[in-house]
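Throughout, numbering of the chain's residues begins at 1 and tracks the sequence.
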Amino acid sequence: MRLDGNQGHYLARVMRVAAGDAVILCDNVTGEWAARVANAGKRDVTLEVAEQLSEREDVPDLWLCPALLKKDRFDMVLEKATELGAARIQPVITRRCVADKLNLDRARALTIEAAEQCARTALPELHAPMKLEPMLRDWPSDRALFFADEMGGELAADAFVYTEGPAAILVGPEGGFDDAERETIRTHPQAKAISLGPRILRGETAAIAALSVWMAEAGDWNDVE
């Protein structure tokens with residue numbers, strides 16, 4: 001197989017691989033593979049795939065729905081959500097968001113880099129930002145929606161521990177949800193307000209903390225052998 005573009009450039013110009021070097025590949029579909037460099041050009045690399053090392057990992061059916069933040073802070077959300085094993089990232093636009101656009105190509109590159117650094121074999125699905133109201137209107141009836149409400153709710157660990165089936169976590173922007181948004185969310189049949197404790201958390205901290213608690217209580221952290 002031949003790699004060009006960013007991947008070929010990285011192997012050829014950054015890693016400076018040569019014929020005979022071993023390379024590990026991941027396709028986000030079948031899993032992880034061992035390969036060897038057959039030929040290394042200036043901008044592309046030809047590889048010979050040798051054997052499959054592992055199948056694509058399973059991840060819990062959890063969506064993270066974080067409100068858009070400033071670029072560097074949202075970069076952290078993308079990176080850590082990938083590391084922690086979110087199945088899907090659905091950015092949300094709320095009234096108090098300081099950003100309303102996301103470069104999807106750049107965002108996907110960040111998730112790929114995070115997966116490579118942590119030897120993940122499954123990438124989260126990454127979707128274009130969506131306004132809160134249409135997202136709630138089209139919300140699937142079989143997916144629980146936990147939303148981090150700064151005004152209070154059931155403790156996250158208690159709410160998550162009895163979770164069964166598909167779930168999602170909704171986290172607001174730096175200024176939180178406004179009153180109208182909060183009322184709309186609270187009246188949604190699938191929504192449940194949760195509390196992330198007594199301290200005020202920034203948007204990126206709240207998203208990472210909520211995802212971590214969910215993985216510990218309802219995810220696959222207890223499945224590690």
Side-chain angles (χ1 to χ4, degrees), residues 60-102 107 124 126-219 221:
D61 189 2
L62 177 70
W63 297 356
L64 179 65
C65 303
L68 280 179
L69 307 170
K70 293 178 180 178
K71 185 171 70 172
D72 57 337
R73 295 182 180 181
F74 202 74
D75 286 353
M76 180 178 291
V77 174
L78 293 170
E79 178 183 290
K80 302 311 176 186
T82 301
E83 293 180 25
L84 289 166
R88 174 173 172 174
I89 302 173
Q90 173 60 70
V92 183
I93 300 173
T94 68
R95 293 188 182 95
R96 292 177 177 170
C97 280
V98 297
D100 60 2
K101 293 181 177 63
L102 179 68
L126 180 60
H127 291 252
M130 191 174 189
K131 290 186 176 181
L132 177 64
E133 288 78 6
M135 186 189 78
L136 293 176
R137 184 184 61 238
D138 298 333
W139 193 258
S141 60
D142 63 341
R143 184 171 296 274
L145 176 62
F146 298 100
F147 85 101
D149 188 353
E150 63 270 25
M151 300 302 291
E154 186 176 0
L155 290 176
D158 293 339
F160 294 158
V161 72
Y162 298 111
T163 302
E164 294 183 1
I169 300 173
L170 172 62
V171 181
E174 287 93 337
F177 300 105
D178 69 16
D179 291 342
E181 289 173 331
R182 183 177 294 105
E183 181 62 23
T184 299
I185 300 168
R186 279 184 173 271
T187 57
H188 193 281
Q190 299 304 112
K192 185 179 186 63
I194 59 170
S195 169
L196 296 177
R199 283 166 287 280
I200 296 174
L201 305 178
R202 297 201 316 188
E204 68 274 22
T205 308
I208 296 166
L211 183 52
S212 299
V213 174
W214 195 92
M215 285 296 174
E217 296 293 345
W221 283 11

> Is a side-chain N or O of Q90 found less than 3.5 angstrom from the main chain of A128, in a donor-acceptor match?
Replying inline: yes
> Could you go step by step and tell me if L132 and I185 meet the side-chain contact (heavy atoms from CB on, under 4.5 Å) rule?
Replying inline: CA-CA 9 Å; L132 177 64; I185 300 168; 4.1 Å; yes
> Can you tell me how far CG of L102 sits from NE2 of H127, rounded to the nearest 0.5 angstrom?
Replying inline: 12.5 Å
> What pair of heavy atoms forms the shortest contact from Q190 to S141, and how long is it?
Replying inline: NE2-O, 3.0 Å
> Are any non-hydrogen side-chain atoms of V77 and I89 less than 4.5 angstrom apart?
Replying inline: no
>> Please check this pair: side chain of R143 against backbone of A167, looking for a donor-acceptor N/O pair closer than 3.5 Å.
In response: yes
> Hey, is R96 close enough to E181 for a salt bridge, meaning N to O under 4.0 Å?
Replying inline: no
>> Within the structure provided, determine whether L211 and M215 are in side-chain contact (heavy-atom separation under 4.5 Å).
In response: yes
> Which heavy atom of P124 sits nearest a heavy atom of A86, and at what distance?
Replying inline: CB-O, 3.2 Å
> With a 4.0 Å cut-off, would you call K80 and E83 a salt bridge?
Replying inline: yes
> Would E174 and K70 pass as an ion pair if we require N to O under 4.0 Å?
Replying inline: no
>> Counting only heavy atoms from other residues, nucleotides and ligands, does the tally under 6.0 Å from CE of M76 exceed 12?
In response: no
> So, E204 and R202, do they make that salt bridge, N to O below 4.0 Å?
Replying inline: yes
> Where is the tightest heavy-atom contact between I93 and D100, given as atom of each residue plus distance?
Replying inline: CD1-O, 3.5 Å
> Given the rule in the side-chain contact (heavy atoms from CB on, under 4.5 Å) test, do F160 and I169 qualify, once you have shown the distances and angles that lead to the verdict?
Replying inline: CA-CA 10 Å; F160 294 158; I169 300 173; 4.0 Å; yes
>> Within this structure, what is the CG-OG1 distance for the pair D61 and T163, rounded to the nearest 0.5 Å?
In response: 12.0 Å
> Rounded to the nearest 0.5 Å, how far apart are CH2 of W63 and CE of M135?
Replying inline: 9.0 Å
> Would D149 and F177 satisfy side-chain contact (heavy atoms from CB on, under 4.5 Å), going step by step from the backbone distance to the final call?
Replying inline: CA-CA 8 Å; D149 188 353; F177 300 105; 5.5 Å; no
> Of all heavy-atom pairs between A87 and P60, which one has the smallest distance, and what is that distance?
Replying inline: CB-O, 3.4 Å
>> For a side-chain contact (heavy atoms from CB on, under 4.5 Å) check, start with the C-alpha distance between C65 and F147, then their side-chain angles and the critical distance, and finish with the verdict.
In response: CA-CA 9 Å; C65 303; F147 85 101; over 6 Å; no
> Looking only at heavy atoms, what is the nearest atom pair of P166 and D142, with distance?
Replying inline: CD-O, 3.7 Å
> Is the closest side-chain heavy-atom distance between V171 and L196 below 4.5 Å?
Replying inline: no
> Got a second to check how far S195's OG is from E150's CD, nearest 0.5 Å?
Replying inline: 10.5 Å
>> Ignoring hydrogens, what is the shortest heavy-atom contact between P173 and A67? Give both atom names and the distance.
In response: N-CB, 3.4 Å
> Rounded to the nearest 0.5 Å, how far does CG of L62 lie from CZ of F146?
Replying inline: 9.0 Å
> Say you draw a straight line from CD1 of I208 to CD of E79; how long is it, rounded to the nearest 0.5 Å?
Replying inline: 8.5 Å
